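See below for the structure under consideration.
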There are 2 protein chains.
Amino acid sequence: MHPDKLGQTIKNRREILAITQKDLAELSGMGLRTLKAIENGKSNPTLETLNKLIDILGMELSIDVRKPKF
Amino acid sequence: MHPDKLGQTIKNRREILAITQKDLAELSGMGLRTLKAIENGKSNPTLETLNKLIDILGMELSIDVRKPKF
DNA sequence: ATAAAAAGTGTATTAAATCGCACTTTTCAA
DNA sequence: TTGAAAAGTGCGATTTAATACACTTTTTAT
């Protein structure tokens, strides 16, 4: 999960929920500037910041062993 | 994914692979002190740090919509 | 076309993640 | 038992994520 892909994931989900960056930032209790940076893939967010976001977005973060492609 | 659970996930996986904290830190290109803090749930790591770790551990991070329990 | 809402940006400050060094504690095999 | 390897900790330095303010650009609805 690289910054660019993360940003798209967050942005896509936010748009599905039809809320603005400002509202998402406020609901998540984080700075608007920070959210903008994340969505634009220009940030290296902390786990805490990530958790705030995905919680409000109704998402979850998971870490699992990579499945081999063959 | 809270810091405590993350720490356990990392530690469990490392022990399955039978490598030391020192080796994992070096392979991941991160400070030993940082890895120790993460495993002990006393850290709020950045995405970049997380990526370094799970990459070496043969794991992957994913963010998906929460499935309802019913 | 245009006015308002939403999104993006430059700069500066603050809080905290990362890091190395030196040391202590715990684990574990001989 | 004991000695070495592994894990954990106090401290201080450096880097950078997170933040607010003020402003510009883009998007959207009328």
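In the text below, chain A, chain B and the rest are named by the order of the sequence lines, each starting its count at 1. Note that the structure is predicted; figures quoted are calculated from it, not measured. Only heavy atoms go into these numbers, but all of them, side chains included; no hydrogens, no water, no symmetry mates.
- In this structure, NZ of K52(A) is placed 9 Å from C1' of dA18(D), rounded to the nearest angstrom.
- Qualifying salt bridge (charged side-chain N to carboxylate O under 4.0 Å, His left out) partners for K22(B), counting only residues two or more places apart in sequence or in other chains: E26(B).
- Put simply, N40(B) has no side-chain N or O that comes within less than 4.0 Å of OP1 or OP2 on dA7(D).
- Taking atom CD1 of residue I38(B) and atom P of nucleotide dA16(C), one finds them 17 Å apart after rounding to whole Å.
- Looking only at distances, no side-chain donor or acceptor of D55(A) sits under 3.5 Å from a matching main-chain atom of N51(A).
- The CD atom of E15(A) sits 13 Å away from the P atom of dA6(C) (whole-angstrom rounding).
- Here the C1' atom of nucleotide dC19(C) and the CD atom of E26(B) are 14 Å apart, to the nearest Å.
- Between the C1' atom of dA17(D) and the CG atom of L53(A) lies a distance of 14 Å, rounded to the nearest Å.
- Atom-to-atom distance recorded for Q8(A):CD and E39(A):CD is 8.5 Å, nearest 0.5 angstrom.
- Regarding contacts with the backbone of dC19(C), every side-chain N or O of K36(B) stays at 4.0 angstrom or more from both OP1 and OP2.
- Of all nucleotides listed (dT19(D), dC19(C), dA7(C)), dA7(C) comes nearest to the side chain of Q21(A).
- Among the heavy atoms of the strands lying under 4.0 Å from T20(A) are primed sugar atoms or P, OP1, OP2 only; no base atom is included.
- Following rounding to the nearest Å, K22(B) (NZ) and dA5(D) (C1') show an atom-to-atom distance of 11 Å.
- With the nearest nucleotide of DNA chain D identified for both L50(A) and E39(B), E39(B) has the one nearer the 5' end.
- In this model, the phosphate group of dT18(C) is approached by a side-chain N or O of T49(B) to a distance below 4.0 Å at OP1 or OP2.
- Rounded to an integer number of Å, the gap from N44(A) CG to dA17(C) C1' is 10 Å.
- Considering only side-chain N and O atoms, K11(B) lies under 4.0 angstrom from the phosphate OP1 or OP2 of dG8(D).
- With hydrogens and angles disregarded, a donor-acceptor distance shorter than 3.5 Å links the side chain of N44(A) to the backbone of E48(B).
- In this structure, the CG atom of L32(A) is 10 Å from the P atom of dT19(D), given to the nearest Å.
- Side-chain nitrogen and oxygen atoms of T46(A) include at least one within less than 4.0 Å of the OP1 or OP2 phosphate oxygen of dA18(D).
- Regarding contacts with the backbone of dA7(C), a side-chain N or O of R14(A) is found under 4.0 angstrom from either OP1 or OP2.
- Using modelled atom types, one side-chain atom of S28(A) and one backbone atom of L24(A) make a donor-acceptor pair closer than 3.5 Å.
- At dA18(D), one or more side-chain N or O atoms of S43(A) fall inside 4.0 Å of OP1 or OP2 (strictly under the cut-off).
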